[in-house]
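Beneath this line is the structure, given in structure tokens, with notes to follow.
First the proteins, then the strands, lettered A, B, ... as listed; each starts at 1.
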Amino acid sequence: MHDIRAIRENPAAFDAALARRGLPPASPEILALDESRRAKILASETAQADQNRASKDVGAAKARGDDAEFERLRALVADKKAEIARLTAEAAEQDAALRDMLMRIPNLPHDDAPTGRDEDENVEIRRWGNPRTFDFTPREHFDIAGVKPGMDFETAAKLSGARFVVLKGAVIRVHRALAQFMLDTHITDHGLTEMWTPVLVKEDAMYGTNQLPKFAEDSYQTTNGWWLVPTSEVTLTNTVAGDILDESALPIRMTAHTQCFRSEAGSAGKDTTGMLRQHQFEKVEMVSITTPETSMAEHDRMTKCAEAILQKLELPFRTIVLCTGDMGFGAQKTHDLEVWLPGQNRYREISSVSVCGDFQARRMNARYRPAGGGKPEFVHTLNGSGLAVGRCLIAVLENGQQADGSVDLPAVLHPYLGGKTRIAADGTLA
RNA sequence: GGAGAGGUGGCGGAGUGGUCGAUCGCGCCGGUCUCGAAAACCGGAGUAGGUGCAAGCCUACCGUGGGUUCGAAUCCCACCCUCUCCGCCA
């Protein structure tokens with residue numbers, strides 16, 4: 001959410017920043033509403049001051065026995081009351097309208113984010129590993145002989161419909177191993193604190209991390225009003241909502257492995273085969289809460305934490321910085337990690353690491369008290385996948401596949417698999 | 001699901017109709033004292049919005065929304081949230 005004062009002070013800069021995202025100027029409409037709102041507030045407060053004064057005088061008039069004045073003031077208060085009710089309602093309405101308008105405008109891009117129209121203008125910043133050369137045509141994950149017995153879309157459709165999967169045997173064991181490996185690496189090597197959070201949350205939490213009000217159709221809501229989190233960014237970040245933290249407590253670095261739920265509205269026809277895009281999937285998420293001074297460095301650190309997972313799994317990837325036109329709603333700057341999928345013969349997103357500045361903190365009123373004293377200031381928030389477990393499974397399967405339909409598994413997973421090293425062509429762990 | 005308790009400033013905790021934006025304690029900031037610190041003592045400080053060059057002034061805020069009243073943190077209604085006990089249950 002945006003600071004209306006900042007927009008008032010420099011509307012041109014605000015519009016220029018939006019333009020970098022390919023959006024039309026918003027400040028004229030915002031400032032017009034703001035001006036009208038302030039006029040309403042002024043009128044309503046003036047009327048209230050009148051009433052308060054008259055109210056006070058009423059008692060005095062009564063005390064000195066001035067019945068005429070007493071009655072006059074009583075009538076005046078009654079009049080004012082109706083006027084105040086009308087004016088405050090109008091002021092509140094405009095205030096809410098302004099708030100809603102500000103809530104629906106995406107974050108302003110950081111200076112470091114490259115300006116561009118869409119994904120074609122994203123900038124690759126580094127590449128790691130070399131895609132394997134195959135002496136056969138590599139298959140997509142769901143088409144590998146050793147995988148097929150453990151990846152069942154028909155049964156999932158029976159249970160739940162499209163975009164669900166039932167995993168069995170060796171495949172789900174590798175999936176579970178991946179999640180454990182990611183968590184252990186973040187905890188032990190990267191110093192993150194493991195968390196376990198609800199996946200059903202109140203509406204406020206969804207506003208805090210900007211899923212609401214604009215993207216309601218992307219998430220699921222229960223009949224009694226809870227929302228299913230589309231990512232544990234929601235719960236991890238909102239752990240500090242409403243708090244005033246000591247600067248000494250920062251940075252706070254968290255990680256959690258949770259189910260994530262997405263309606264995938266608007267992505268009909270996209271990635272319909274395989275388990276690349278599901279309504280329900282698992283993700284190991286990282287969230288950091290920092291001071292404003294350290295958030296950009298934290299962004300690079302978090303990106304490295306995600307990259308380390310792929311490196312340890314020996315999966316080739318590239319890191320790109322999203323251009324302004326391709327960034328998500330809440331981001332100031334985003335790094336995407338794209339892993340090599342030989343079955344698709346292309347790099348596919350497996351992690352997205354964003355720095356949000358004070359955009360989310362402002363929404364959830366998350367602040368810290370500076371060490372040197374002074375007023376509380378908004379914290380900065382960051383989030384990143386570390387990594388999407390299902391997509392990582394796909395990458396491991398496709399990159400490790402052999403001509404006979406078996407899959408060689410990365411060495412770091414072997415300890416999590418009881419010492420087994422591969423999925424045989426018949427689908428068993430070997 | 002049943003019964004009960006409660007939501008007040010950074011935290012704890014008073015306050016049942018009229019200078020209460022709110023006693024007090026802790027914490028915080030400034031000062032005295034000290035070589036320095038602690039303790040003690042003195043003083044200061046809520047948040048947000050509006051207005052003004054500024055000093056300041058005004059308005060709102062005691063979970064949220066309504067209501068009663070000249071006047072509400074205090075009374076009434078509805079709702080939300082938290083906690084405790086009982087029941088059921090992974």
Q.
On the nucleotide B:G71, are OP1 or OP2 found under 4.0 Å from the side-chain N or O atoms that A:Q51 carries?
A. yes

Q: Between A:R8 and A:T46, name the one whose nearest nucleotide on RNA chain B is closer to the 5' end.
A: A:R8

Among [options], which nucleotide sits nearest the side chain of [X]?
X: A:K375; options: B:G49, B:A48, B:C58; value: B:A48
X: A:I244; options: B:U51, B:G49, B:G10; value: B:G10
X: A:R5; options: B:A60, B:G49, B:U51; value: B:G49
X: A:Q48; options: B:C81, B:U51, B:U59; value: B:U59
X: A:A49; options: B:C81, B:U59, B:U51; value: B:U59

Q) With the threshold set at 4.0 Å, does a side-chain nitrogen-carboxylate oxygen contact exist between A:R104 and A:D100? A) yes

Q: Salt-bridge test for A:R369 and A:D246: reply yes if a basic N is under 4.0 Å from a carboxylate O, no otherwise.
A: no

**Q.** Base-pairing mate for B:C57 - Watson-Crick or G-U, with both contacts under 3.5 Å
**A.** B:G50

Q: Just name whichever nucleotide pairs with B:A78, Watson-Crick or G-U, keeping both distances under 3.5 Å, else none.
A: B:U64

**Q.** A:Q280: side-chain hydrogen bond (donor to acceptor under 3.5 Å, both in side chains) partners, not counting sequence neighbours
**A.** A:Q259

Q.
What is the distance, to the nearest angstrom, from the CD1 atom on A:I41 to the P atom on B:U51?
A. 8 Å

Q.
Between B:G4 and B:U59, how many Å separate the two C1' atoms, rounded to a whole number?
A. 39 Å

